[in-house]
2 protein chains.
Amino acid sequence: MEELLNHCRENGLRVTVGLRAILDALNAADLPQSLLDLEQNKELAKLCDRATIFRTLQRLEGIGLLRRLNFSHSGAKFSLNTGDGHKEYLLCKNCGDVQTLDISCPVHKLERELAESRGFSEMSHELTFYGLCPQCS
Amino acid sequence: MEELLNHCRENGLRVTVGLRAILDALNAADLPQSLLDLEQNKELAKLCDRATIFRTLQRLEGIGLLRRLNFSHSGAKFSLNTGDGHKEYLLCKNCGDVQTLDISCPVHKLERELAESRGFSEMSHELTFYGLCPQCS
DNA sequence: ATACCTGCAAAGTCTTTGCCTTAGG
DNA sequence: CCTAAGGCAAAGACTTTGCAGGTAT
């Protein structure tokens, strides 16, 4: 947590009550959070407004602390970029359930190759699996 | 094309002017199309309304003829599911340029393993790479 | 002190729906 | 004929912004 705040400071963000609260909420959640999820978080709602959350998420994404996920049929969701790699997800396309996949990223090598062959920089990727969960099958 | 229409018929869709036009437009496009892209397609606009396009896309997705792609910072886009596998994409996160990747899918095996280990069915996935293109770097 | 951050409210953008009419099989 | 599909217009859902006042540094 203190590490996250330092990263923010180093990148010129001011450490405000809102920033702390948002980082706390993201850190506490075990699944990616949408703007709406955060807005409806009771603790957070007491401390800041939707616009603040929105703009803070933007800033955090901007400095690379946050990963943006574009899941089907739900707005963007965000998860903290912890140092130790990222997770991929498996979603049920019927009930919307989100499961986390603890797998080592299968496309890292490909990503580097692409960057080189196409002259791209600052690469990232999004890999999401969809299907019907056992209950919905 | 005739093949696509047959698939539609087999799945109970009526072959209307709108359906033909939408399939044509998707078929002609070499990149995934958003609802807005289609709405603004002059040919198509003469033949059908936004609601029609929207509902037709839904139906086509429903019968598995259409793949829905959720690219960051742009609405959903759709591409026809041709028999011979699907494509993945590389997007510039600054200018929004979309490049098609002609690579054999690197996560097919993983997808099957997941289906088995987690009891999911009707699996699909979305793999998208993001980065800064040479011009935007 | 000053540049950044916040709240509020309003506007944007894209998606989805209701309802009545039209037309495919 | 009967039911799916279409058109129009309005509502929803989510995202984004302007501006005036507050706050971290």
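A note on names: the letters A, B, ... follow the listed sequences, proteins ahead of strands, and every chain is numbered from 1.
Here the P atom of nucleotide D/dA4 and the CZ atom of B/R20 are 20 Å apart, to the nearest Å. When rounded to the nearest whole Å, the span between CG of B/L60 and P of D/dA5 equals 10 Å. B/L38 has its CG atom 14 Å from the C1' atom of C/dC14, to the nearest Å. Computed from coordinates, the B/I53 CD1 to C/dT16 C1' distance equals 14 Å when rounded to whole Å. Rounded to an integer number of Å, the gap from CG of B/L5 to C1' of C/dG24 is 14 Å. Between the C1' atom of D/dA4 and the CD1 atom of B/I63 lies a distance of 14 Å, rounded to the nearest Å. To the nearest angstrom, C1' of C/dC5 lies 13 Å from CD of A/Q58. When the P atom of D/dT16 is taken as reference, atom CG of A/L36 falls 14 Å away, rounded to whole Å.
With C/dT17, C/dT15, D/dT3 as the candidates, the nucleotide lying closest to the side chain of B/A76 is C/dT15. Between C/dT16, C/dG7, C/dA3, one nucleotide has an atom nearer to the side chain of A/A51 than all others, and that is C/dG7. Among the nucleotides C/dG7, C/dC5, C/dG25, the one closest to any side-chain atom of B/V15 is C/dG25. Ranking C/dT17, C/dC14, C/dG7 by closeness to the A/C48 side chain, first place goes to C/dG7. Of the candidates D/dG7, D/dT15, D/dA5, the closest approach to any side-chain atom of B/D49 belongs to D/dG7. Residue B/T56 places its side chain closer to D/dG6 than to any other of D/dC8, C/dC8, D/dG6. Of the listed nucleotides (C/dT15, D/dT16, D/dA24), C/dT15 has the atom at the smallest distance from the side chain of B/L35.
Centroid-to-centroid, the aromatic rings of A/Y89 and A/F129 stay 6.0 Å apart or farther.
Mapped onto DNA chain D by nearest heavy atom, B/H73 and B/T52 fall at different nucleotides, with B/T52 at the one closer to the 5' end.
In this structure, a donor-acceptor pair under 3.5 Å is absent between the side chains of B/T52 and B/D49.
Counting non-hydrogen atoms under 4.0 angstrom, A/L47 reaches the backbone sugars and phosphates but no base.
In this model, no side-chain donor or acceptor of B/R59 finds a partner on the base of D/dA5 within 3.5 Å. Remark: the B/R55 side chain and the D/dG7 base include a donor-acceptor N/O pair separated by less than 3.5 Å. Taking only distance into account, the side chain of B/R50 never meets the base of D/dG6 through a donor-acceptor pair shorter than 3.5 Å.
In this structure, A/R67 pairs ionically with A/E88, as a charged nitrogen and a carboxylate oxygen lie closer than 4.0 Å. At a threshold of 4.0 Å, the pair B/K109-B/E113 counts as salt-bridged, since one of the basic side-chain nitrogens sits closer than that to a carboxylate oxygen.
Atoms CG and CG, from B/L5 and B/L65 in turn, are 9.0 Å apart once rounded to the nearest 0.5 Å. The OG atom of A/S74 sits 7.0 Å away from atom CG of A/L91, with the distance rounded to the nearest 0.5 Å.
A close approach under 4.0 Å does not occur between any side-chain nitrogen or oxygen of B/T16 and OP1 or OP2 of C/dA23.
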